[in-house]
Amino acid sequence: MMVTMGAVLVTEGCRKIKLQYYGFKLASSAGKENSPVTEVEPYIPFNINPTGMQPLLTTSYLLAFPSIMASIFRSPFWENLKEILNPMTSVGGSPWIYYLTYAFFVFVFNIFDIANLPKEISDYLNKMSARVPKIKPGRATVDYLTKIQTSTRFWGGLNH
């Protein structure tokens, strides 16, 4: 039960960054004419695990590729590579080398997440006349979003 709860927490957990919009008024703020900022409830979600299963699947496909090529082409090169990457044969290294390689590729493919690029998010916020409260638009926003994204992914910050 604890493993399931941990998996749900990592999968569904996100850090919400509140936004402020300029240039329009909501009906609920009609009485506050002197305020240039209308705060609504939108936010930018930074997921703890934004890539989901993608790194695991990509690593599995990458490590299975020599076996697929060996079955198609039957060449000695692919057959040898298949045996080297097979943790159950004595030709390759010990099984822990295979699993260490697997973990390394999962980590590498997890880093290549391009879903939340802080520079693009900052540019989009400027186009929408939005900003992160207490952070200047532009380079300061990019730096702030990069810091938040890194801390969320590697340290699991929730709902801050």
Grab the two heavy atoms, one from [X] and one from [Y], that are nearest each other, plus how far apart they are.
X: Pro118; Y: Val142; answer: CB-O, 3.8 Å
X: Trp78; Y: Met69; answer: CD2-CB, 3.4 Å
X: Ser122; Y: Gly138; answer: OG-O, 3.5 Å
X: Pro95; Y: Pro87; answer: CG-O, 3.6 Å
X: Ile148; Y: Ile17; answer: CG2-CD1, 3.6 Å
X: Lys82; Y: Ala70; answer: CD-CB, 4.1 Å

Proximity of Tyr102 and Trp96 rings by center, below 6.0 Å: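 They do not qualify: ring centres at least 6.0 Å apart.
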Measure the shortest side-chain to side-chain distance between Tyr124 and Asn126 over non-hydrogen atoms and say whether it is less than 4.5 angstrom.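 They are not in side-chain contact.
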Can you measure from [atom1] ([X]) to [atom2] ([Y]) and round to the nearest 0.5 angstrom?
X: Leu85; Y: Phe65; atom1: CG; atom2: CZ; value: 12.0 Å
X: Phe109; Y: Leu62; atom1: CZ; atom2: CG; value: 5.0 Å
X: Glu120; Y: Leu145; atom1: CD; atom2: CG; value: 11.5 Å
X: Met53; Y: Ser60; atom1: CE; atom2: OG; value: 8.0 Å
X: Cys14; Y: Ile44; atom1: SG; atom2: CD1; value: 11.5 Å
X: Tyr144; Y: Lys134; atom1: OH; atom2: NZ; value: 10.0 Å

Identify which one of Phe104, Tyr98, Phe105 satisfies the side chain to side chain contact (heavy atoms under 4.5 Å, CB included) criterion when paired with Thr101.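 Testing each of Phe104, Tyr98, Phe105 against Thr101, the sole residue satisfying side chain to side chain contact (heavy atoms under 4.5 Å, CB included) is Phe105.
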Applying side chain to side chain contact (heavy atoms under 4.5 Å, CB included) between Thr141 and each of Asp123, Ile121, Ile135, report the one that passes.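 Among Asp123, Ile121, Ile135, the one that satisfies the side chain to side chain contact (heavy atoms under 4.5 Å, CB included) with Thr141 is Ile135.
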Verify same cluster id: Val3, Val8 (apolar side-chain graph, 4.5 Å):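 Each belongs to a different hydrophobic cluster.
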Kindly confirm or rule out a cation-pi arrangement of Lys18 over Tyr43, judged by NZ or CZ under 6.0 Å from the six-membered ring centre and within 45° of its axis?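 Not flagged: Lys18 not positioned over aromatic ring of Tyr43.
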Which residues satisfy the salt bridge (Lys or Arg N to Asp or Glu O under 4.0 Å) test with Arg74, sequence neighbours excluded?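 Salt bridge (Lys or Arg N to Asp or Glu O under 4.0 Å) list for Arg74, sorted by chain: empty.
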